[in-house]
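Remarks on the structure that follows.
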2 protein chains.
Amino acid sequence: MARATTPPRPPGRPRAGIDAEVFAATLRTVDELGYTHATVDRIAAAAGVAKTTIYRRWPSKGALITACLVDAFGPLPIKAGDSREEVIASAIRFGALRIAEPGLAAAFAGVFTDAISDPELREILSTQLQDPYRLVLQEVLGESEQRVLFFVDVVIGTLLHRMGMTGEPMVKADVDALVEMVVSYLG
Amino acid sequence: MARATTPPRPPGRPRAGIDAEVFAATLRTVDELGYTHATVDRIAAAAGVAKTTIYRRWPSKGALITACLVDAFGPLPIKAGDSREEVIASAIRFGALRIAEPGLAAAFAGVFTDAISDPELREILSTQLQDPYRLVLQEVLGESEQRVLFFVDVVIGTLLHRMGMTGEPMVKADVDALVEMVVSYLG
DNA sequence: CGGTATCGATACTTCTAGTAGCGAAATCTC
DNA sequence: GAGATTTCGCTACTAGAAGTATCGATACCG
């Protein structure tokens, strides 16, 4: 990929590289206290930075959590040569694995709830978290946007609902059932 | 059904019949302002009652919203003679219709998020809202508890995720797809 | 050294969940 | 009707959280 000349460094003191610590502290705190009680104050303290430093980077708690989710989920693993069924199955298992990680489900559900009544946050969530996966899947599966969005709703919605109702991640047998159901429908 | 002798009325001033007004005001307020900004103060004002009166009936905001959801969803419509597929399909469409009603999705997602980090609320939500439907479906479909819970996760999770991501209820074509997918798997 | 932007710290405003206390009103029992 | 009991609306309050403002100190550039 052609890379433009390295962007000129802006003047002033450069920002410290604290994103990793902040993200880790965020997930740790959300896991221990839940989305509501994971205050920005506490997250900042857990990360060893000042609250104002966090607000200088992310405009709101919801934006911080979303950035944290983007970082934690990471790219969808797609092996070259995977069949259509294998792509779908591995995407589902990928989602299940991630959502089972400490704090991730609570963080996701929290930002998600706020998004229902906050169009700005919904925009951030949709663009930064959902779109990357959607675009990859549209490309790889050759499906329409509507179709892939439906797929994402089913998979993420199901996994999150289980976490919300039971407080525990979905067991393997149910993940297998989800894979089987979706693959037999979309495959 | 054998009914015990009418319970003796407790002494003191009887409670006013305000549940309907409070529930309506709750959904109206949540629809307008979202779960987070639908404060108990505002709900009370919209219902024309004092905030303390609300807290005398429901122990927390989450419990109020849950009671409101139980009231708004109502019983699952099952026609005698319905086939297995028809029961599943009508249950899904029932859920889609309800969740599309103003305020319901936001209320549901909000209480749901709080439940992830609040075991007491999770207990209320599970017992009062989910169990009635689960028991009916176990009975009618002759499926195990695990199987029916999986079904509920898929249907409600999918519908809620769509509302959270788009702010709009799922369109008919996608509800049809959901019905087809689930029926072909469970039917 | 001068300019600029970040860092940590503290203090502050605004808003919300939930509680306490009070006088007034409603209902039952005697 | 009198007394007991409980609810009602109202006001005031506490505790906690999101987000902002300010300030001295610090890091980097030219």
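Chain letters run A, B, ... following the sequence lines, proteins first, then strands; residues in each count from 1.
Nearest heavy atoms, A/Arg57 versus A/Arg15: NH2-CB, 3.3 Å.
Summarising the geometry, the separation between CD1 on B/Ile43 and P on C/dT16 is reported as 11 Å, rounded to the nearest angstrom. Between the CZ atom of B/Arg57 and the P atom of C/dG18 there is a distance of 17 Å, rounded to whole Å. In this structure, the CG atom of A/Asp114 is 13 Å from the C1' atom of D/dA17, given to the nearest Å. Atoms CZ (B/Arg42) and C1' (C/dT14) sit 12 Å apart, rounded to a whole Å. Atom pair A/Tyr55:OH and C/dT6:C1' shows a separation of 18 Å (rounding to whole Å applied). Between B/Asp41 atom CG and C/dA17 atom C1' the separation is 9 Å, expressed in whole Å. The distance from atom CD1 of A/Ile54 to atom P of D/dT20 is 14 Å, rounded to the nearest whole Å. Per the geometry, OH belonging to B/Tyr35 stands 9 Å off P belonging to C/dA17, to the nearest Å.
Taking the side chain of A/Thr53 as heavy atoms from C-beta on, and the options C/dC7, C/dG18, D/dA17, the nearest nucleotide is C/dC7. Comparing D/dC10, C/dT16, C/dG8 by their closest approach to the side chain of B/Ala50 singles out D/dC10. Distances were taken from every side-chain heavy atom of A/Thr52 (C-beta onward) to each of D/dT20, C/dA20, D/dG19; the shortest belongs to D/dT20. For B/Lys51, the listed nucleotide lying nearest its side chain is C/dG18; candidates were D/dT7, D/dG19, C/dG18.
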Applying side-chain contact (heavy atoms from CB on, under 4.5 Å), run through B/Leu141 and B/Arg147 and close with a yes or a no.
CA-CA 10 Å; B/Leu141 297 176; B/Arg147 196 84 165 162; over 6 Å; no

inquiry  = Quick one, B/Arg28 with B/Asp31, criterion salt bridge (Lys or Arg N to Asp or Glu O under 4.0 Å). Give me CA distance, side-chain angles, the key distance, then yes/no.
reply    = CA-CA 5 Å; B/Arg28 218 183 319 136; B/Asp31 181 48; over 6 Å; no

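To the nearest 0.5 Å, atoms CZ (A/Arg134) and OG1 (A/Thr127) are separated by 9.5 Å.
A salt bridge does not link B/Arg122 with B/Asp118: none of the charged nitrogens is closer than 4.0 Å to a carboxylate oxygen.
A donor-acceptor contact closer than 3.5 angstrom is absent between the side chains of B/Tyr35 and A/Asp114.
Listed pair B/Arg15 / D/dG9 fails the phosphate criterion, with no side-chain N or O lying under 4.0 Å from OP1 or OP2.
Between A/Val140 and the choices A/Val148, A/Ile88, A/Ile78, the side-chain contact (heavy atoms from CB on, under 4.5 Å) rule is met once, by A/Ile78.
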Letter by letter from the 5' end, nucleotides 22-30 of chain C scores (B base, S sugar-phosphate only, - none; protein heavy atoms under 4.0 Å) ---BBSS--

